[in-house]
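Working notes for the structure below.
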Amino acid sequence: MTDASPIPPLDERRGDSEHEAIVARIVRLEVTTEYAIKTLDLMQRRMDDGFKHLSEEIARSRTEMRIEISDLRKEMITNLRWLMGIQITTIVAVIGVAKMTNSF
């Protein structure tokens, strides 16, 4: 067998009548509930502030990403133009060399 102690009551009985004991318990529960409500309100404000900050951070990151992608696209277009120019130059050079060798 285990030696389990009984759960203590909310208030210690001091010889008060049953009604006074219930009133005391109700008052204690009301105070505890008020504290819980204040704590929940504080948590809600902190969460709202955190969500607002997170939303701002996401918007800022999204703007930075768009700028980065735009810069990458510009760089890719420039590189593609260089590549096409080099290809055209190479084709013209090969055709020129082929014509020079056929004419001799």
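Considering only residues two or more places apart in sequence or on other chains, Glu68 meets the side chain to side chain contact (heavy atoms under 4.5 Å, CB included) condition with none of them. Annotation: side chain to side chain contact (heavy atoms under 4.5 Å, CB included) contacts of Thr90 (sequence neighbours excluded): Ile86, Val94. For Asp48, the side-chain hydrogen bond (donor to acceptor under 3.5 Å, both in side chains) criterion is met by Gln44, not counting sequence neighbours. Residues satisfying the side-chain hydrogen bond (donor to acceptor under 3.5 Å, both in side chains) test with Glu57, not counting sequence neighbours, are Arg60. Residues that satisfy the side chain to side chain contact (heavy atoms under 4.5 Å, CB included) test with Ile58, not counting sequence neighbours, are Leu54, Arg62. Residues passing the side chain to side chain contact (heavy atoms under 4.5 Å, CB included) test with Ile95 are Ile91, Lys99, sequence neighbours excluded. Partners of Glu34 under the salt bridge (charged side-chain N to carboxylate O under 4.0 Å, His left out) rule, at least two apart in sequence or in another chain, do not exist in this structure.
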Going by atom type alone, with no hydrogens or angles, which donor-acceptor pairs under 3.5 Å involve a side-chain atom of residues 70-78 and a protein atom two or more places apart or on another chain?
{"unit_1": "Thr78", "atom_1": "OG1", "unit_2": "Lys74", "atom_2": "O", "d": "3.0"}

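Val92 belongs to a hydrophobic cluster whose remaining members, ordered by chain and number, are Ile88; membership requires side-chain heavy atoms of ILVMFWY residues under 4.5 Å apart, directly or through intermediates. Applying the 4.5 Å side-chain rule to ILVMFWY residues, one finds that Ile37 remains a lone member of its cluster. Tyr35 belongs to no hydrophobic cluster, as no Ile, Leu, Val, Met, Phe, Trp or Tyr side chain comes under 4.5 Å of its own. In this structure, Leu80 shares a hydrophobic cluster with Met84, the cluster being traced through Ile, Leu, Val, Met, Phe, Trp and Tyr side chains under 4.5 angstrom apart.
With rounding to the nearest 0.5 Å, the separation of NZ in Lys38 from OG1 in Thr33 is 12.0 Å.
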